[in-house]
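Step one of this worksheet: look at the structure below.
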Amino acid sequence: MAKTRSVFFCSACGFESARWLGRCPQCEAWNTFDERPFTLGGGASAARPRPAPRDARGPIPLAAVDSAHVSRMRTGMSEFDAVLGGGVVPGSLTLVGGPPGAGKSTLLLQIAARLASANARIVYVCGEESAAQVKLRADRLHAHAGVLVFAETNLREILTVLDRDVPGVLIVDSIQTVWLPEAESYAGSVAQIRDCTQALVEFSKRTGCATFVVGHVTKDGTIAGPRLLEHLVDTVLYFEGEASGEYRILRAYKNRFGSIDEICVFAMRDDGLHEIENPSELFLAGREQRPSGSCVVASIVGSRPLLVEVQALVGETSYGTPRRLANNLDQARLAMILAVLERRAGLHLGTHDVYASVAGGLRMTEPAVDLGIALAIASSFRNVALAPDAVAFGELGLSGEVRAVSAASRRIAEAQKLGYRTLFDPGHYRDVADVIRAAL
Ligand code: TYD
Ligand code: MG
């Protein structure tokens, strides 16, 4: 008889171990180990089903591969299509992640309705809500033309039914609610999520059905088993920022069919998500007079230029070690900029708390934001506002030099379009101390 025992693996990176560990030796995360039954003997292969071979004919010349049928489906939401790299790719699997209430179900239902009205067969698997709840939502969005709902969570059952009549697009809401009977653990466990994703990848590639999968996020803001899923799927889209405000930002973290970091900004209204076509105007607080500690930065997000407002607050430390907090910015980058300001521009920030943040909830990671952060900090420290039409971009080096960044002309063009004409950029300045002297 088959013997059952347990294996444990890390929900963050998938590292497997024979016993429970407090800390993962591979990714060094704490408390991420999950237990999963594992059947020895006859059932061993059932514990981890292998995907069926995709092409049993053996190697074929690349030139002979038929790619003519790969035509992308347009959803009609132009910004969303752009995030995907130009539309939905048949046979691809896209993971849509985000915190509860971000708008994942809303977005996918809207897309489903748009694609269905373009004559594609769309199946929406609702594992989280009843079919009636999905109908209520669709009424609100005026979006039910031709969408088929499938209220089932057994993925084996779902795929068997769909295999008989393959849809053009399959939406699974969410990956945490579906389960495979052969994976002997509860729905939502890392083992189930991994096996279900694998089964869906195999189904999409074999049938050419484009699949969207909703993934919830854990407390620390990552999709459960993120690294595990990221390399299985073709595209990872993630809602970032606050789920409470009106605006939602969707960003491509990985895309096999387009560029990463592409974003799409939506406004959540009573009748669903609406695309915002000029997000630059949104991320600037729209003030006539800028207060001290604020600097507009011309950045590039994905492939588009975008103006964002960086804010800083500097105050004397009243107790203990100074606090340095970066919100939507890289903490290590902030520490480096503070060190450069202290040593190369003579700003004595050592006894001050510094808070730096990007307004509007967009996460900024490119080094071209450095100079803007430095100016916002210097402006708050001196309590002097920058000129209302000032805009900055440029990377800071450790010796205080302002380094050139990519796409300078596109950044400048975007800034000028919105009326920002006083430029603090690598084309005009070589050193951060010069910039601060000129700006404040
Ligand atoms: P939802 O799409 O269910 O989020 P998720 O699937 O990511 O958990 O809903 C997002 C929020 O948006 C929810 O709190 C209700 C609100 N909402 C609107 O404001 N307008 C709408 O038209 C809809 C459908 C939802
Ligand atoms: Mg939902």
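Atoms within each ligand, like the ligands themselves, are counted from 1 in listed order. No experiment lies behind these values; they were computed from the predicted model shown.
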State the atoms of ligand 1, each with its element, that fall below the 4.0 Å cut-off from a heavy-atom position in Leu141.
22 (O), 24 (C)
The protein heavy atom nearest to atom 22 (O) of ligand 1 is Gly272 N, 2.7 Å
Going by the closest heavy atom to atom 16 (C) of ligand 1, which one wins out of Gln133, Met268, His142?
Met268
Numbering the atoms of ligand 1 from 1, which are under 4.0 Å from a heavy atom of Arg269?
18 (C), 19 (O), 20 (N), 21 (C), 22 (O)
Strictly under 2.8 Å, is the Mg ion (ligand 2) approached by any N, O or S atom of Ser105?
yes
May I ask you to list the atoms of ligand 1 that are less than 4.0 angstrom from any heavy atom of Pro100?
8 (O)
Nearest non-hydrogen protein atom, atom 15 (C) of ligand 1:
Arg140 NH1, 4.7 Å
Does the plane of the ring in Phe266 sit parallel, tilted or perpendicular to the ring in Phe239? Use 30° and 60° as the thresholds.
tilted
Using a distance threshold of 4.0 Å (strictly less than), state whether atom 18 (C) of ligand 1 has a protein heavy-atom neighbour.
yes
Heavy-atom contacts with Arg137 under 4.0 Å: which atoms of ligand 1 show up? List them by number with element.
1 (P), 2 (O), 3 (O), 9 (O), 24 (C)
Look at atom 9 (O) of ligand 1 and say which protein heavy atom is nearest, naming residue and atom and giving the distance to 0.1 Å.
Thr106 OG1, 3.6 Å
Output the list of atoms in ligand 1 that are nearer than 4.0 Å to some heavy atom of Ser105, sorted by atom number.
2 (O), 6 (O)
Are Phe33 and Phe8 an aromatic pair by the rule of ring centers under 6.0 Å?
no
